[in-house]
Each structure stands twice: as C-alpha cells, then as structure tokens.
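Worksheet for the structure shown next.
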Amino acid sequence: MPELPEVEILVRHLAPLLPGRRIRAVQVGRPRVCRPDPPDRLVEALTGATFRSVTRRGKYLVFSLVRRRRAFQVLGHLGMTGRMWLERSAGPLPRHLAAALDLGRERFVFEDVRFFGRLSLDLSPVEALGPEPLDPAWDGAALAARLGRSTRPIKVCLLDQAIVAGVGNIYASEALHRARIAPTRPAGRLRHAEHAALAAAIREVLAEAVAGGSTVPLDHRAGTDGLYYYGRAAEAGADYGERLAVYDREGAPCLTCGRSIRRSVQAGRSTFHCPRCQR
DNA sequence: CACCATGTTCCTTG
DNA sequence: CCAAGGAACATGGT
C-alpha cells in the first residue's frame, strides 16, 4: 500500500511516538534491507542511538537520530509490501521480518513480505527526487519544467520519482483520470492548461488519500493484545477501494460517464483509464 | 501451473 | 548519449 499518502500517514503516526526513544539493540531480519550498506554498519550506527524525528520525502521515511552527540539520518522505504509499527516488546516477531529495533519496553518493527523495502544509511536516493507534489509552490509550470519535451507517455513520467516525488501506480492512473488526460499522451506535448489540471489533480488525489486515510483511525488501541498498529483496519479497506475511480476497475463503469474502464500495460505496469473521459 | 501485485534498479537494446 | 523495454529482486494471492 505504499505511495505518498500511505507513507505520510505512517509518518504522522510515528512522529509523536519515536522522538526520545533509545535503541538498545538492532535485529536485521534480512541483510538485503540495509543495502547498499553491510548490515553490521547499520547495526553499529543504530545501537545506542536516540530518535529525534521522522519526516517524509516522496515515498521515503527519513529518520533523524543522535548517537554519542553525533547526528545522523537513516532512510526507510516500504517497497511494495513493507509495514512499520511500534509494539510492546513481547511475543514473536513477524515471519517476514526486515528489521526490529529494541526500544526497551517497546520495539519498532519493520515487516516486509517481499523485502523490496529498505532501511539504510544511504541517503542518496532522496537527492535524486523531484519536487513534493503537496508543496504549495508546486504547480503546472513546475511539472511542465520537469517533463520538458519528453516523448514518453505521461503515465510513465508520473512514475518517475525525479519528475514528481511520491506518485505511484495507483495515483498516477487516478490523477490522469481526474485531469481527463489519456495516459498514452506524450508528456512533452501537453498544453499549459493540461499541466495545470494534472498538477492540481495529482495534489487533490494525494491529499484526499491522506485525509481519507487519516479519518480511518490508525488503531492505537493498546487493548486486546497491546499492539500499536499501523495499517488500514479491515473496515477501512472498503473505503479505500471506493475512493478509487479507475485503478483496478477494468470493465467496471466509469463513475463519470459510465463507459467501461480499460486496462493496458505501460512500462510493464498496469494502467487504468476511461477511453471516453480521457483522450 | 499461470499470472498478477502499491517499487526501484540494473542491464540490454535500439 | 538517451530512451525504452525487460528482467531482477522475493513472496503470496487468485
């Protein structure tokens, strides 16, 4: 579930919980998540460190910590299936453990079924990111500037994190539908009005997802099993699906015009669009 | 068994 | 040199 909105919701959840917590021990479940660093380096850096803050950049989580008076940062990414949460230090760790940080009474758990995610000292991926779409200064002109005269399909460009940070496969299709732009349009040939409409649509779609996700309680219940969860609760799943106008709705009627939603493949990934609304 | 999956990166081909 | 396409990564769901 991780595109910008999901990461933003996670960061808002963790931001008030992590600062001040000291890491007593680090367990790396899969060395791969530390790439390109050797696991030992991450373990050494984190052991004894104290969390200062957590922020988001694109789909990345940026953890700021201090150890022996020295400040440093760690980059987190959820990949396709990653989840992070804080829980009481008891009971078994998840089967697909990427990493776990012992905070004393509680622990920070990073689970990732497919292990595409990351927790590393290498901050370089963040430097390659394009602008933040939720930044008020980001607009159609900023989008146009990054698109340049590219002949790539606009949908493919939206997945390029150097053009705009945080848009993934779901919201790329959603934003194009809202802006009424066909996903196959060469990016460099959009008109000014379309750049503006698309930038606005991207911002709206992402902001609504953050707002919608936030209204779904993050489930901090320490009730039954003493866990602090991150992730949509079962009941939130329905709401989540209902908010999507085209993604994963192949054959279903367009919510705007009724025409059947079409699925295609671009750059190896599914694209969904309405052939009538988007041309 | 086949195909699909919210992401990123590397390699090959044109 | 750049763009585009495909494969790889690893695992699970349908």
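Every chain is numbered from 1, with letters handed out A, B, ... down the list of sequences. None of the values given here were measured: they were computed from a predicted structure. What's counted below: heavy atoms across the whole structure, side chains too, no hydrogens, waters or symmetry copies.
Surrounding CD of Gln73(A) are more than 12 heavy atoms belonging to other residues, nucleotides or ligands, all under 6.0 Å away.
Taking the charged nitrogens against the carboxylate oxygens, Asp160(A) and Arg152(A) do have a contact shorter than 4.0 Å, which makes a salt bridge. Using a cut-off of 4.0 Å between Lys/Arg side-chain N and Asp/Glu carboxylate O, Glu6(A) and Lys59(A) are scored as not salt-bridged. Using a 4.0 Å cut-off between charged side-chain N and carboxylate O, Arg56(A) and Glu132(A) make a salt bridge.
Across dG12(C), dA4(C), dA5(B), the shortest atom-to-atom separation from the side chain of Val113(A) is found for dG12(C). Of the candidates dA10(C), dT8(B), dG7(B), the closest approach to any side-chain atom of Gln161(A) belongs to dT8(B). For Phe115(A), the side-chain atoms get nearest to dA10(C) when compared with the rest of dT8(B), dA10(C), dG7(B). Distances were taken from every side-chain heavy atom of Ser270(A) (C-beta onward) to each of dA5(B), dT9(B), dG7(B); the shortest belongs to dA5(B). Of the candidates dA3(C), dG12(C), dA5(B), the closest approach to any side-chain atom of Arg152(A) belongs to dA3(C).
Straight-line distance between the C1' atoms of dT8(B) and dC1(C): roughly 23 Å, to the nearest whole Å. Taking atom P on both dA10(C) and dC11(B), the two are 16 Å apart, rounded to the nearest angstrom. With both ends at atom C1', the span from dA5(B) to dA4(C) equals 22 Å, rounded to whole Å.
Nucleotide dC9(C) holds its C1' atom 14 Å from the CZ atom of Arg269(A), rounded to whole Å. In this structure, Asp160(A) atom CG and dG7(B) atom P are separated by 13 Å, rounded to whole Å. We find that CZ of Arg35(A) is positioned 14 Å from P of dG7(B), with the value rounded to whole Å.
Close to dG12(C), at under 4.0 Å from its OP1 or OP2, lies no side-chain N or O of Thr81(A). Side-chain nitrogen and oxygen atoms of Thr151(A) include none within less than 4.0 Å of the OP1 or OP2 phosphate oxygen of dC2(C). Residue Arg30(A) places no side-chain N or O under 4.0 Å from the OP1 or OP2 atom of dA10(C). The phosphate of dA5(B) has OP1 or OP2 within less than 4.0 Å of a side-chain N or O from Arg263(A). The phosphate of dG7(B) has neither OP1 nor OP2 within less than 4.0 Å of any side-chain N or O from His77(A).
In this entry dT14(C) has dA2(B) as its Watson-Crick or G-U wobble partner, both defining distances falling under 3.5 Å.
Put simply, CZ on Phe63(A) and CD1 on Ile23(A) are 9.5 Å apart, with the number rounded to the nearest 0.5 Å.
Here Gly268(A) lies out of heavy-atom contact (under 4.0 Å) with every strand.
In this model, no side-chain donor or acceptor of Arg32(A) finds a partner on the base of dA10(C) within 3.5 Å.
Nearest-nucleotide positions on DNA chain B place Arg114(A) closer to the 5' end than the other of Arg114(A) and Leu159(A). Between Ser150(A) and Arg95(A), the one whose closest nucleotide on DNA chain C sits nearer the 5' end is Ser150(A).
Here the side chains of Val205(A) and Arg178(A) are in contact, with some heavy-atom distance below 4.5 Å.
dC9(C) has its base stacked against the ring of Phe116(A), the centroids being under 5.5 angstrom apart at an interplanar angle below 30°.
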